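Chain identifiers are assigned alphabetically (A, B, ...) following the order of the sequence lines, protein sequences preceding nucleic acid strands; residue numbering begins at 1 within each chain. Predicted model, so just to flag it, every value in this text is computed and none were measured.
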Amino acid sequence: MSNNNAVQMLLCRIILIYAFPTKILRKLIMAKKKTSETALSKEKLLHMYKLMADIRYFDNRVNQLVKKGKVPGMTHFSVGEEAASVGAIAAIGEGDLITSNHRGHGQTIAMEIDLNEMMAEIIGRATGTCKGKGGSMHIADLDKGNLGANGIVGGGMGMAIGAALTQKMKKTGKIVVCFFGDGAVNEGTFHETMNLASIWKLPVIFYSINNMYGISTPISSVINIDYNYQRACAYGIPGHFIEDGNNVMDVYNKFEELVKYVREGNGPVLVESLTYRWYGHSTSDPGKYRTKAEVDEWKKKDPLVKYSKYLTDNKLATQKELDAIEKASKEAVEESVEFAFNSPEPSLESAFEDIFAP
Amino acid sequence: MSNNNAVQMLLCRIILIYAFPTKILRKLIMAKKKTSETALSKEKLLHMYKLMADIRYFDNRVNQLVKKGKVPGMTHFSVGEEAASVGAIAAIGEGDLITSNHRGHGQTIAMEIDLNEMMAEIIGRATGTCKGKGGSMHIADLDKGNLGANGIVGGGMGMAIGAALTQKMKKTGKIVVCFFGDGAVNEGTFHETMNLASIWKLPVIFYSINNMYGISTPISSVINIDYNYQRACAYGIPGHFIEDGNNVMDVYNKFEELVKYVREGNGPVLVESLTYRWYGHSTSDPGKYRTKAEVDEWKKKDPLVKYSKYLTDNKLATQKELDAIEKASKEAVEESVEFAFNSPEPSLESAFEDIFAP
Amino acid sequence: MENETKLMSVRDAIIMAMSEEMRRDESVFLMGEDVGIFGGDFGTSVGMLEEFGKERVRDTPISENAISGCAIGAAMTGMRPIVDVTFMDFIVYMMDNIVNQAAKTRYMYGGKGQIPVVFRCAAGSGVGSAAQHSQSLEAWFTHIPGIKVVAPGTPADVKGILKAAIRDNNPVIFLEYKAQFNMKGEVPLDPDFVLPLGKADIKREGTDVSVITYGRMLERVMQAAEEVHESDGVNVEVVDLRTLAPLDKDAVLESVKKTGRVLLVNDAHKTGGFIGEVAAMIAESDAFDYLDGRILRLAADDIPTPYNHILEKAMVPSVERIKKYILKLVNKR
Amino acid sequence: MENETKLMSVRDAIIMAMSEEMRRDESVFLMGEDVGIFGGDFGTSVGMLEEFGKERVRDTPISENAISGCAIGAAMTGMRPIVDVTFMDFIVYMMDNIVNQAAKTRYMYGGKGQIPVVFRCAAGSGVGSAAQHSQSLEAWFTHIPGIKVVAPGTPADVKGILKAAIRDNNPVIFLEYKAQFNMKGEVPLDPDFVLPLGKADIKREGTDVSVITYGRMLERVMQAAEEVHESDGVNVEVVDLRTLAPLDKDAVLESVKKTGRVLLVNDAHKTGGFIGEVAAMIAESDAFDYLDGRILRLAADDIPTPYNHILEKAMVPSVERIKKYILKLVNKR
Ligand SMILES: Cc1ncc(C[n+]2csc(CCOP(=O)(O)OP(=O)(O)O)c2C)c(N)n1
Ligand SMILES: Cc1ncc(C[n+]2csc(CCOP(=O)(O)OP(=O)(O)O)c2C)c(N)n1
Ligand SMILES: [Mg+2]
Ligand SMILES: [Mg+2]
């Protein structure tokens, strides 16, 4: 009897790991992809670099400001995870939508937000994206398709499937990417929204950015399977894995494939990428839960370094061009800091506005 | 690219269906079981028959009372699903616990509740199990290990894992069976409790009684896989299927196996049985969502008839013995009706008691 | 047609309101558990699947969190969903989406976006479904800025307020009462019969006592008002709040100033119920100076709803008790 | 030791209370997100993993529904769990388990079973975490029969009330305040220092005005009381409710009768906040006849909590505003 269970468990494990393209298969697909990569224009390739640099320098700078006590609220940083956001968003199109989570800076910048307004928001000023009322965790950019960061783990998932339902009902041909962390897959809302999206065949990509921890909790200690993407099977939808979430081209290529699949009306997919956050969870974090060695190991896998090496090795860009981009990023970030601190605090009256829509 | 997805989906589907013992394998196991069946004492076999008969006649009678307007509240009936409850509960031991749902009569009776008090509760009298305050949806029998029916779909799942945690922390060696319907698997609480139980290896059997509908909604229209038990894979735990949930011995044998596995400390399992409810969802139900042919088809698979045939075919009981049991059941039910209607209404003051524990 | 009315039930008024709005505006749709072929747990969408089809009358899985989240996301992006919550008690599973998301999004985004969504909740006791199926939880939502809460008490108001809720650009919690789906009244047939949100309605003018109420209790209050008039010549003014959030404070205070005597009635638990807020609002206002005596409240007892029908009935204010309190206020008995 | 005290923070008082109870009773344990090696989102379990081990200081997945359900099931079967909800806003995902299950089970079962579980909720604003991380939602629970709600306002009370909550055989919602984890005070070291639930505490005797408050606002009210005494000789009586449900009505009414002037203060939204219930309770009681004037309320504004720290601060009653209201009540300015 227990044998029966043991056999089942073994089968189950084997399947979970191999149901989806094996490493070899993945390699083959990647190889095929390698050629298509150059299909991206140089402009686009460099722009992706710019966005990654913007994220890096923006969040580094916010972190400095936090340490100086200049940020009056809670923030979470995307440093180390730049490729995971930029690669995904580079693959979607005009009019496509995203929802994000508390660690939203990466996606927000990749969605081309105005950095000045974003910095002003984080500093809490009237010129901020949300007039200083939302802060880091609630930055949205509706006109550009960013339905917003979210302070509630899993809070954006419902919005994502609803936005996808709108696209389907209005036949817009647009799709939605729902960003969340590794820890978020244990919220009930993950289950319910995945299921609803699967039976209604909604055009949504559920994207788990696995940085291996939810605050201090290793994902491996809170799921009884190896990876989050394997849960796709429970909804009869494809599950995908991006082993190197620090490789922006890997992320891009996988998303190019998924965006097409979803846009064609095949229903949702679940995809997961592996990456790492360099800083603590939030503004303060003693970090006892992970070793310096682990952090250092991951810093060696720096997404920007990887990408610059890829671009220069393949002669898609010169180091000089990349240096210029980084310089411009740093300047833009400095400008945003200046803009923010030169901006007025919101008026007391403004606190009473914007509750209800007319 | 989409090929890749198509292949995946195919693999996924094949796996979901065959990950768990194939039909042939199941047959083999069953064959092995057939011999062990007789290990059950005649007394036990007949007692199981008695419980099934009690459920049948009790709920038939309640349904009559409902039609006559004599039941002052909401009830749900277990007629047609007797084997699914009795087979499971026959396999657990003294001190083991269950949680149940809105359709709890079957489990409640299988857990040996006093029928008089149960009927009085449904009629709402002071002598009822809950002094008339709970009604059909909230009957519990804590001393006997029944942690209660529940009006909220999925509402018992949290209690079940918590009760299982107690057993684990107190090292009692006892286990918990969590009963729910097919529709309940789409609640977020299903996901969260399954996951928590899986990582903490809690001694709990999640048991989905699939009667193919949640009110009017076919389960096939609200999940994108074939069966609920397949979701076990998302939690790295065994998923089991009882194809004929109307065959009490099939249910018993499967549960005997699962109870042992769970009691040995291997963590939770998910199991599903197929059955059918003969009546409408609740006290009133026009039933437009299913055909008479379908209902009739299932009535032919009557669990009591199946079991009586099994018992007599295998010379485990005589028809006479079974007739006597049915007669006794009917009498017990009649007695309970009399008891209920001869019982006083609860006093107005009693409404203000029992809110807080001292 | 403009002034035509028809005698119909609350149930039919709900169906009419939704159907008219769905005919009028393509972006309006209905979703929830068993709203399709089953016609809704309380029959409040019977016939709508047939008229509007599966795409606009959407049966869902038993997934209240996903239902509410999906509705909100659809609303943010241009649709106008109506959610049939069925039993209001199940709204427990929608709290994040309603309270942390829908109510706050526009504010947090600095005034961008809007979420036109209606949550129709079958509230209250009276049908023998016990403690987990009998709650009136409006007070949870009136406490949260960014949500509108309405609770009409006649079939005509149900139509006019539901239509207004659907046309409103904000999340609206709409209370309907299990015990009153069959209550009948004359309902205007005009498809543009829309009542204003945020306005109380003086259902009966009077000079002696202000009875302030809403939703399920309106019917009983009206009956009590008529009866004390006949029996004791007491002239009751009945203020039907109709919208709880935003509250029409002016209407309440004006009536209180006029009569100087106040009774508040609702069918939710007394402690923490919405009428307590109204009482507090009066007690801190300039109307305080006009009060002839205590501000009385009548509400459901602070007990989980018992299954037994006698106890269930006893816990909610009856016409008799309302009359008793009115007479107490005017020192008539 | 019996009468010894030590100056310590609210945070340390919480850790002390839980640790003492866990030493005393094997069935007490702590569960929640990041309570282990991280020591809790607010450091309220630092060191406990080391003392009690993983079995009794249980890190959970991000699954508030399962956490709360599991705690309740464990409580029903003989354990005494303490749940660290962290930000009170996340309780939205626990509503079914708390409201429909824990609060009602004993009643629905006709008086059988008990659910000794404590939900520790970090409430209120003040740390720049905006609208989804700053709510004080106690009013949701005071409205539901079967739940106790407590909100102590000093480190000593935090210890004594938390211990009482853990020893109580019912579900208890325990409010602690993000902005006050570092607030210090003398705390009794006696491991049997337990305060009674359901009793208000007169934190300052006075004759001119009753200021009724609880939780986070107590500190400000006490300061305001001292300051108006010094500046204007006004003698404020400060009634610290400490337990909101069940409410100590007698203590409130007695104080009101004594002073005839009432100010109520809390940090939750004004509309539908718990002090509204207290105001209504006073206005319908015999204490009404002792009132010299309106029953005033001071509470957080009815807006989602803004991120900007100036706006965030402005929305909550300040010492200045409390003083102004007190002086208004005694017509001093
Ligand atoms: C419903 C809810 N529960 C808990 C939290 C507190 N919290 C904020 S972020 C976080 C961890 C999230 O982990 P993950 O999803 O992996 O995202 P990451 O921070 O690693 O990017 C937690 C528990 C929250 N914001 N919302
Ligand atoms: C949270 C919640 N949502 C909805 C309901 C209404 N409801 C009661 S039973 C039921 C269907 C349950 O279906 P299933 O789990 O298959 O059990 P069955 O009735 O078929 O035995 C629904 C939707 C509820 N009681 N609780
Ligand atoms: Mg993470
Ligand atoms: Mg079913």
Going through the checks in order, is the side-chain contact (heavy atoms from CB on, under 4.5 Å) test met by C:Met79 and A:Leu165? CA-CA 9 Å; C:Met79 304 299 289; A:Leu165 178 61; over 6 Å; no
Chain C contact via A:Asp141 - which portion, at a heavy-atom distance below 4.5 Å: neither
Heavy-atom check, side chain of A:Phe356 versus side chain of C:Arg106, under 4.5 Å: no
What part of C:Thr105 gets closer than 4.5 Å to chain A, counting heavy atoms only: side chain, backbone, both or neither? side chain
In the structure I gave you, are the side-chain heavy atoms of A:Lys133 and C:Met108 within less than 4.5 Å of one another anywhere? no
Is a side-chain N or O of C:Lys112 found less than 3.5 angstrom from the main chain of A:Thr129, in a donor-acceptor match? yes
Engaged part of A:Pro346 at the chain C interface, taking heavy atoms whose separation is under 4.5 Å: neither
Is there side-chain contact between C:Glu26 and A:Met169, with at least one heavy-atom pair below 4.5 Å? no
Could you state the interatomic distance from CH2 (A:Trp200) to CE (C:Met31), rounded to the nearest 0.5 Å? 4.0 Å
Starting at CE of A:Met159, measure out to OG1 of C:Thr77 and round the result to the nearest 0.5 Å. 10.5 Å
Of the backbone (N, CA, C, O) and the side chain (C-beta and beyond), which part of C:Lys148 lies under 4.5 Å from a heavy atom of chain A, both, or neither? both
Hey, could you give me the CG/CZ distance between A:Leu196 and C:Arg58, rounded to the nearest 0.5 Å? 8.0 Å
Options A:Ile139, A:Ile152, A:Val176, A:Thr189, ranked by heavy-atom pairs under 4.5 Å with chain C, top entry: A:Ile152
Which one of A:Gly134, A:Ala140, A:Gly158 has the most heavy-atom pairs closer than 4.5 Å to chain C? A:Gly158
Taking all non-hydrogen atoms of both residues into account, name the closest pair between A:Gly155 and C:Asp96 and its distance. CA-OD2, 4.1 Å
Within this structure, what is the CG-CE distance for the pair A:Leu147 and C:Met76, rounded to the nearest 0.5 Å? 5.0 Å
Can you tell me which portion of C:Ile115 sits under 4.5 Å from chain A's heavy atoms? Options are side chain, backbone, both or neither. neither
Over 12 foreign heavy atoms within 6.0 Å of CD, A:Glu353: yes
List the steps, then state whether side-chain contact (heavy atoms from CB on, under 4.5 Å) holds for A:His138 with C:Lys104. CA-CA 10 Å; A:His138 305 294; C:Lys104 298 177 171 51; over 6 Å; no
Just by distance, with hydrogens left out, do C:Asn65 and A:Glu187 show a side-chain donor and acceptor under 3.5 Å apart? no
Backbone of A:Ala357 reached by a side-chain donor or acceptor of C:Asn169 within 3.5 Å: no
Interface residues of residues 107-123 of chain A facing chain C - non-hydrogen atoms under 4.5 Å apart: none
Chain A heavy atoms under 4.5 Å from C:Tyr93: which part of the residue, side chain, backbone, both or neither? neither
Starting at NZ of A:Lys168, measure out to CD of C:Glu55 and round the result to the nearest 0.5 Å. 6.5 Å
Within the 4.5 Å heavy-atom criterion, are A:Thr193 and C:Cys70 side-chain neighbours or not? no
N/O donor-acceptor pair under 3.5 Å between A:Thr166 side chain and C:Ala74 backbone: yes
Spacing of CG belonging to A:Leu142 relative to CD belonging to C:Gln114, to within rounding of 0.5 Å: 10.5 Å
Considering only heavy atoms, which portion of A:Ile355 lies under 4.5 Å from any heavy atom of chain C: side chain, backbone, both, or neither? both
Heavy-atom distances under 4.5 Å only: say whether A:Asn150 touches chain C with side chain, backbone, both or neither. side chain
Spell out, as yes or no, whether a donor-acceptor pair under 3.5 Å connects the side chain of C:Tyr107 to the backbone of A:Ala351. yes
